Amino acid sequence: MTNKQMIQWKRISVEAAAIVASILLAFAIDAWWAEQAEERDEHESLALIHRDLLEAEDQLSNYVAYAKSASESGINAYVALSRPGPYDREFIKTELLRVDRRTVRIPRAAYQDLLSTGNLRIIEERQLRDSIIRFYELMERTELIIRTSNESILDGLVVDIYYGEGLLLPVISNDVGQETVNAANKSIFEKLPADVRAMQDPLWQLDSDSREWQRLRAAVLYAATVHSIGAELAGDLLNRASLLADAINSAP
């Protein structure tokens, strides 16, 4: 091989090596860039989940306070209805109306986005990722239990006994229901003639040993128990939300 050929082969080898090095460098840069982008996505996703958890804590805290209060009102009404008269009718009716339903819907937009896009994998720390998944699974079960209790017990039993059997007149309490519903019902109630508005609840025309009173006492005590269970479930979820938020906040 002549010197000229050797020089040409060396030049080709150097050029080939440079090309290979350039390709490898490009791959390395792409991999580094992808890793940086994934880290940014992970931090942004965790920040959004943390935001949702803080909102969840607020909602759950309000629900726990409400459920405990509703349960206490149910107990108060049950005790008052179980004793011999005379009865404090306004107190009993107020407590009965406070045994109302309330739904709870926990924010989950950030988690559902990760779930639907298959991007849960970007949360690199496996234990944290599993904790997030377990929390939202528990959250869905808790919401389902509360919703089912509302529909089957509070709506299907208590409200039916209150109004379906005509034991209580449909008056409005500021402690019951949503403000919009209360305002609408109050508007209707104020349009009723004064003699109609002054009517007594049919409940007080019945004997305290009647079947209607027995059903009402049993239903309101059942509702108080349901609210107590809801408070326990939501309280446990509240504690878990707080712990998970702290874990995300401490994540590197």
Side-chain angles (χ1 to χ4, degrees), residues 59-104 142 145-236 238:
Q59 291 193 21
L60 287 167
S61 179
N62 290 335
Y63 179 82
V64 169
Y66 162 78
K68 287 182 177 180
S69 175
S71 180
E72 187 68 26
S73 291
I75 293 172
N76 291 341
Y78 176 80
V79 171
L81 288 167
S82 299
R83 288 174 174 165
Y87 301 101
D88 186 339
R89 298 181 179 184
E90 287 303 315
F91 170 78
I92 292 174
K93 185 166 185 177
T94 299
E95 295 298 274
L96 286 174
L97 292 174
R98 284 175 175 162
V99 187
D100 195 12
R101 63 119 80 203
R102 180 175 296 182
T103 57
V104 57
T142 301
I145 291 171
I146 292 174
R147 183 170 64 252
T148 303
S149 298
N150 282 339
E151 294 172 354
S152 63
I153 298 173
L154 299 181
D155 290 345
L157 176 64
V158 175
V159 173
D160 185 58
I161 290 177
Y162 283 6
Y163 305 116
E165 298 188 5
L167 297 181
L168 301 178
L169 294 175
V171 298
I172 299 304
S173 167
N174 291 331
D175 298 312
V176 180
Q178 300 176 352
E179 290 185 6
T180 302
V181 175
N182 281 347
N185 287 333
K186 183 179 179 182
S187 175
I188 293 174
F189 182 71
E190 289 175 346
K191 295 175 183 177
L192 296 174
D195 57 335
V196 174
R197 277 184 280 166
M199 289 177 61
Q200 293 293 332
D201 293 304
L203 172 67
W204 310 118
Q205 301 171 20
L206 302 174
D207 189 85
S208 60
D209 292 328
S210 66
R211 179 177 177 274
E212 289 82 359
W213 271 59
Q214 293 174 9
R215 287 197 68 203
L216 180 60
R217 282 194 294 262
V220 77
L221 185 60
Y222 193 12
T225 304
V226 168
H227 279 303
S228 182
I229 292 172
E232 291 293 329
L233 292 174
D236 177 63
L238 172 61

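Here the structure is a predicted model, which means the values were calculated and not measured. Below, all heavy atoms of this structure are taken into account, side chains as well, without hydrogens, waters or symmetry copies.
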Over all atoms of both residues, closest heavy-atom pair of A231 and V64: O-CG2, 3.9 Å
Heavy-atom check, side chain of V99 versus side chain of E95, under 4.5 Å: no
Heavy-atom check, side chain of F91 versus side chain of N76, under 4.5 Å: yes
Nearest-0.5 Å distance, CG of residue L216 to OG of residue S210: 9.0 Å
Check: L96 main-chain N/O paired with Y162 side-chain donor or acceptor under 3.5 Å: yes
Minimum heavy-atom distance A224-S71, with the two atoms named: O-OG, 2.8 Å
Backbone N/O of A65 and side chain of S69: donor-acceptor pair under 3.5 Å: no
R89 side chain reached by L203 side chain, heavy atoms, under 4.5 Å: no
Atom of T142, atom of A234 and distance for their closest heavy-atom approach: CG2-N, 4.5 Å
Non-hydrogen atoms of Y163 and L168 that approach each other most closely: CD2-O, 3.5 Å
E212 vs L167, side-chain contact (heavy atoms from CB on, under 4.5 Å): CA-CA, chis, key distance, verdict: CA-CA 8 Å; E212 289 82 359; L167 297 181; 3.9 Å; yes
Parallel, tilted or perpendicular: rings of W213 and Y87 (30°, 60°): tilted
Within 6.0 angstrom of E90 CD, more than 12 heavy atoms from elsewhere: no
Side chain S149, main chain I145, donor-acceptor under 3.5 Å: yes
Spatial distance of atom CG (L157) from atom CD1 (I161) [nearest 0.5 Å]: 4.5 Å
From CA spacing to verdict: side-chain contact (heavy atoms from CB on, under 4.5 Å), Y66, V104: CA-CA 11 Å; Y66 162 78; V104 57; over 6 Å; no
Closest contact, heavy atoms only, I92 versus A80: CG1-CB, 3.6 Å
Donor-acceptor under 3.5 Å (H227 side chain, R101 main chain): no
Rounded distance [0.5 Å steps], CG in L60 versus CG in L233: 11.0 Å
D201 bridged to K93 by N-O distance under 4.0 Å: yes
Short side-chain to backbone donor-acceptor contact, R217 and S82, under 3.5 Å: no
